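First up is the structure itself, then whatever we jot down about it.
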Amino acid sequence: MHRIAWLTVFTLAFPGCATAETSEDMIARARGIHDRVISVDTHVDIPPNFATRAYDPMKPGPRGQQVHIPTMIEGGLDATFIIVFVGQGPRTESGYAKALSDAFVKFAAIHRVTKDMYPDQIELALTADDVRRIDASGKKVALIGMENGYPMGKDLRLLDQFYDYGARYFGLIHTGHNDLGDSSVPNRRTNEPDEEHGGLTDLGRQVVHRLNELGIMVDVSHSSKQTALDMIAESKAPVIASHSSLKGVYDHPRNMSDEELMGIRDANGVVQVVAFDSYLRAVPQGKQDAIAELWKSMGIESFGDFRRLGEEALKIYDTEMAEIELEFPKAGIKDLVDHIDYAVRKVGINHVGIASDFNGGGGIAGWSDASETFNVTLELVHRGYTEGQISKLWGDNLLRVLADIEAYAQQFKG
Ligand SMILES: [Zn+2]
């Protein structure tokens, strides 16, 4: 039944087609496209125990983790930016030192996977050419992005070290304002005001310049609108939004306004539309209430609190959440592609890409982990995107920006 309904829709959508494509043919065509293009997911988080026995990227688990090498193979996901993320904490010397050491733990884990544990399966890419070479060799591609500038404290020299460790994009800000600029989401627990600096700080401007010189992409995701616009104005090379959707479809503080979207286009950058349930559409009030009630009953105040929950408590949480999800399903692939369609209509096919935010709250119905990546391509094909366009969305645009920043930085290399 489902297939027939779908076929009818497709035939109606393309009434001029001499011979209508059957749904089986379309799936086969989408498979071919998915196999040929390079798919780059620009945002996959890792916990501090990544690349240990507790989270072995070749084996399923631990709880809730959505990306492993076998699931990337199953879903035809070719490359992922693995994220060195540290949550915003106190802006004190000891706070910076702790954040820096947490960041190094994650850098080390990514190098451990690609150099010691599974060098035959996955390789670290440092350039756009590396991505294409490694993909052609049949291995999976790892790249490194940083999320939150907090670990650098006020020491610009650390950016050189992050570059040497392989960081190729750098998000200056996360939840909560920091020394570099304002966040799109102030820290409500510490009663932060909506704005602290009114945009990018002087230190933030210096960071943007140094990132340009090093050849690290500037990432505006998580920044306030003014901070993002300041970064776009300040940067001499294209900037990205590594994982943000569009305010024009759903007005969420984490999404890009049309002004930011067009600024990124004018700078020849790219917005990586993210498969994050609550950014794609309004989460039903009943679901929000049910989750709030569950968190309250278990004493959870933020995502950080999950780390101190015992195995039993996590099991209870997962069972309860599964029931809530059954009643109120997550946003789906169609919601994701609605945001992609909007961005493409607004700024053209050359400035739009795709991100999951897996392991960091991302994942939707139909793309709930790396093994389901093909479903995104199938929906794009269903909506009439060509292979060339899908190739741009899945990776060519992002790799163009990476190559542009490499070329820009060349003049500063010794
Ligand atoms: Zn994020």
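The first residue of the sequence shown is numbered 1, and numbering continues consecutively from there. In listed order, ligands and their atoms are each counted from 1. Since the structure is predicted, the reported quantities are computational estimates derived from the model, not experimental observations. Below, each value reflects all heavy atoms present in this structure, side chains not excepted, and no hydrogens, waters or symmetry copies.
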Problem - Side-chain ion pair, Glu123 and Arg133, N-O less than 4.0 Å - result: yes

Practice task
Assess whether atom CZ of Arg31 is packed by more than 12 heavy atoms of other residues, nucleotides or ligands within 6.0 Å.
Solution key: no

Practice task
Starting from the Zn ion (ligand 1), count all protein N, O or S atoms within a radius below 2.8 Å.
Solution key: 3

Practice task
State which residues pass ring-ring contact (aromatic ring centres under 6.0 Å, His included) with Tyr385; sequence neighbours excluded, sorted by chain then number.
Solution key: none

Practice task
Look at atom NZ of Lys287 and say whether more than 12 heavy atoms of other residues, nucleotides or ligands are closer to it than 6.0 Å.
Solution key: yes

Handout entry: Whether His243 and His43 hold their rings parallel, tilted or perpendicular, with breakpoints at 30° and 60°
Key = parallel

Problem - Note: Arg210-Glu213 ion pair, threshold 4.0 Å (strictly below) - result: yes

